[in-house]
Amino acid sequence: MDVTKESVDQLARLARLNLSEEEKEELAGDLKRILDFVEQLKEVDTDGVKPLIFLNDNTESTRSDESISTITREEAFTNAPDHNEEFFRVPRVINEKGQQ
């Protein structure tokens with residue numbers, strides 16, 4: 001794949017970068033090297049190679065996903081400065097117009 005001045009300009013525009021001509025030339029060279037490397041990877045024969053799921057043989061043990069209560073609602077409200085029967089109450093941080 002060719003890296004053209006137009007493709008570098010388009011990438012810079014999409015990334016909202018203001019690049020000098022020297023930076024664009026350097027970026028074009030970097031992109032060309034990256035794309036050449038990706039092309040080399042396409043040539044590697046991967047038939048019979050299992051997909052890599054984990055980077056090493058150590059897999060973490062998982063626990064079952066079950067809901068447990070650690071404290072009661074009343075215990076949670078013990079140190080709360082303000083609450084009702086169900087929720088913590090906090091000071092208003094957004095005004096009526098949605099601004100802070």
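Every heavy atom of this structure was used, including side-chain atoms; hydrogens, water molecules and symmetry mates were not.
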> Taking the inter-plane angle between the rings of Phe88 and Phe77 on a 0 to 90° scale, is it parallel (under 30°), tilted (30 to 60°) or perpendicular (over 60°)?
Replying inline: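 Plane angle over 60°, so perpendicular.
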
Distance check, rounded to the nearest 0.5 Å: [X] atom [atom1] versus [Y] atom [atom2]?
{"X": "Leu31", "Y": "Leu11", "atom1": "CG", "atom2": "CG", "value": "6.0 Å"}
{"X": "Leu14", "Y": "Asp9", "atom1": "CG", "atom2": "CG", "value": "11.0 Å"}
{"X": "Glu75", "Y": "Thr78", "atom1": "CD", "atom2": "OG1", "value": "6.5 Å"}
{"X": "Arg13", "Y": "Glu6", "atom1": "CZ", "atom2": "CD", "value": "12.5 Å"}

> Taking atom types as modelled and ignoring hydrogens, do the side chains of Glu66 and Ser64 form a donor-acceptor contact shorter than 3.5 angstrom?
Replying inline: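 Yes.
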
>> With a 4.5 Å cut-off on side-chain heavy-atom distances among I, L, V, M, F, W and Y, is there a chain of contacts connecting Leu17 to Val3?
In response: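 They do share one cluster, since a chain of ILVMFWY contacts under 4.5 Å joins Leu17 to Val3.
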
> Is a side-chain N or O of Glu23 found less than 3.5 angstrom from the main chain of Ser20, in a donor-acceptor match?
Replying inline: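 Yes, because the side chain of Glu23 sits within donor-acceptor range (under 3.5 Å) of the backbone of Ser20.
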
> Shortest non-hydrogen contact from Asn84 to Arg89?
Replying inline: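 Shortest heavy-atom separation between Asn84 and Arg89 comes out as CB-NH2, 3.4 Å.
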
> Taking all atoms of both residues into account, what is the closest heavy-atom pair of Lys5 and Glu21, and its distance?
Replying inline: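 Closest approach of Lys5 to Glu21: CE-OE1, 3.8 Å.
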
>> Counting neighbours of CD on Glu26 that are heavy atoms of other residues, nucleotides or ligands and sit closer than 6.0 Å, is the number greater than 12?
In response: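 No, the 6.0 Å shell around CD holds no more than 12 heavy atoms from other groups.
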
> For Asp36, which of Gln40, Lys32, Arg33 qualifies under side chain to side chain contact (heavy atoms under 4.5 Å, CB included)?
Replying inline: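 The option that passes is Lys32.
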
